Amino acid sequence: MGRRTVYNKLTEVDSIDTISKKNRELLLAFLDYCTINNKAPQTVKQYRAQLLVFFVWNKEHNGDKFFVNLRKRELIEFFAYGRLQLKWSPNRLASFKAVLSSLSMYIERVYDEEYPTFRNLIPSLGPITITQVREKTVLGKEEVEQTLYVLVRMGKIQEACWFALLYSSGMRKSEVAQMQADFFVPENTICDIMYKTPPIRTKGRGEEGKVVPRYVFIYTFQPYLEK
């Protein structure tokens, strides 16, 4: 089965307390800036996790050097470490480049008086070609029905209902988590073939994201909802 991800446990929850005060204050100020400018909570969470990885590496390899004073060579060494030692994919390297570039642009905009000579060095490191590293898993109708059959036989009705809802709607997991039982009532049906849910938060920019309804085919979902 595809969709495998390699995870490297580089930081602990309290790692932010181990980096220098100047880097910690810069990191937290940047995250506040992202929140104020309506970045999605999940995006801010991802930025925090990635920047912690970088700053912990910086502490261990550069003596906790202040980010503003880092040179190209030291940034290149970080990406080389990620690629060669941690076996990061080009996609993950590109993601780290993006967040470090965002932090650098934040410094240029907000700290221009304190650090007038600072400039964003990330673009000068060269582009990273993004490639597909995950094999998509596509289940056929028979595989879906067999999975539902096995789940019911095992008494895992909640799991079967969740899986049937995914199958019947095409929603993301984060969207299914917002579903409520009272969404699936007769007054919310369309032509007796699908439910139309109230608007929910879907993928999109900002804290609210894109708020739209979702549609769920009754035929493939209702039997498991009733169970």
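Predicted, not measured: the structure shown is a model, and the values here were computed from it.
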Smallest separation among heavy atoms of Ser102 and Phe30, with atom names: O-CE1, 3.7 Å
Can a side-chain donor-acceptor contact be found between Ser101 and Asn120 if the only test is distance below 3.5 angstrom? yes
Looking only at non-hydrogen atoms, find the nearest pair between Ile218 and Pro223 and report the distance. O-CD, 4.1 Å
Classify the ring geometry between Trp57 and Tyr81 as parallel (under 30°), tilted (30 to 60°) or perpendicular (over 60°). tilted
Are the side chains of Val99 and Leu51 in touch, meaning some heavy atoms are under 4.5 Å apart? yes
Got Arg214 and Gln178 here, is their nearest side-chain heavy-atom distance under 4.5 Å? no
Check the pair Tyr149 / Arg153 against side-chain contact (heavy atoms from CB on, under 4.5 Å), numbers first and verdict last. CA-CA 6 Å; Tyr149 172 78; Arg153 284 289 300 271; 2.7 Å; yes
Please examine the side chains of Ile107 and Phe67, heavy atoms only from C-beta on, and report whether any two atoms are closer than 4.5 Å. yes
Using the rule given for ring-ring contact (aromatic ring centres under 6.0 Å, His included), can you reason through Phe163 versus Tyr224, listing the C-alpha separation, both sets of side-chain angles and the distance that settles it, and then say yes or no? CA-CA 9 Å; Phe163 189 76; Tyr224 303 94; 9.1 Å; no
Considering all heavy atoms of both residues, which atom of Arg83 and which atom of Leu93 are nearest to each other, and what is their separation? CD-CD1, 3.5 Å
Taking a hydrophobic cluster as the set of Ile, Leu, Val, Met, Phe, Trp and Tyr residues connected by side-chain heavy atoms closer than 4.5 Å, whether directly or through intermediates, do Met105 and Tyr33 fall within one such cluster? no
In Å and rounded to the nearest 0.5 Å, what is the NZ to CG distance from Lys173 to Leu165? 14.0 Å
Within a strict 4.5 Å, meaning less than it, do heavy atoms of the Leu100 and Phe78 side chains meet? yes
Are any of the side-chain heavy atoms of Tyr195 and Ser168 separated by less than 4.5 Å? no
side-chain contact (heavy atoms from CB on, under 4.5 Å) for Lys227 and Cys161? Distances and angles first, verdict last. CA-CA 8 Å; Lys227 290 178 184 299; Cys161 185; over 6 Å; no
NZ/NE/NH1/NH2 to OD/OE distance under 4.0 Å, Arg119 and Glu108: no
Output, in order, the C-alpha distance, side-chain angles, deciding distance and verdict of side-chain contact (heavy atoms from CB on, under 4.5 Å) for His61 and Glu77. CA-CA 9 Å; His61 293 81; Glu77 287 173 356; over 6 Å; no
Go through it in stages, so that I can follow the logic: the residues are Lys72 and Ser124, the test is side-chain contact (heavy atoms from CB on, under 4.5 Å), and I'd like the CA-CA distance, side-chain angles, deciding distance and then a yes or no. CA-CA 8 Å; Lys72 286 183 185 179; Ser124 66; 3.2 Å; yes
Can you get from Trp88 to Ile76 by hopping between Ile, Leu, Val, Met, Phe, Trp and Tyr side chains that sit under 4.5 Å apart? yes
Is it the case that the side chain of Arg24 and the backbone of Ile19 share a donor-acceptor pair, with hydrogens and angles ignored and the cut-off at 3.5 Å? yes
Would you say the ring centers of Phe79 and Phe96 fall short of 6.0 Å from each other? no
Do Ser20 and Asn23 have side-chain N/O donor and acceptor atoms under 3.5 Å apart? yes
Closest non-hydrogen atoms of Thr197 and Met179, given as atom of the first, atom of the second and distance, are CG2-SD, 3.8 Å
Note, Val176 side chain near Arg172 side chain (heavy atom, < 4.5 Å): no
Minimum heavy-atom separation for Val110 and Glu114, please, with both atom names. O-OE1, 4.1 Å
Cationic N near anionic O, under 4.0 Å, Arg71 to Glu74: no
Please confirm whether Tyr111 and Tyr106 have ring centers closer than 6.0 angstrom. yes
Lys22 charged N/C atom sitting above Phe66 aromatic ring, 6.0 Å / 45°: yes
With sequence neighbours excluded, tell me which residues meet side-chain hydrogen bond (donor to acceptor under 3.5 Å, both in side chains) with Arg109. none
If you compare all heavy atoms of Tyr47 against all heavy atoms of Leu31, which two are closest, and at what distance to 0.1 Å? CB-CD2, 4.0 Å
What do you reckon, are the aromatic ring centroids of Phe184 and Phe221 less than 6.0 Å apart? yes
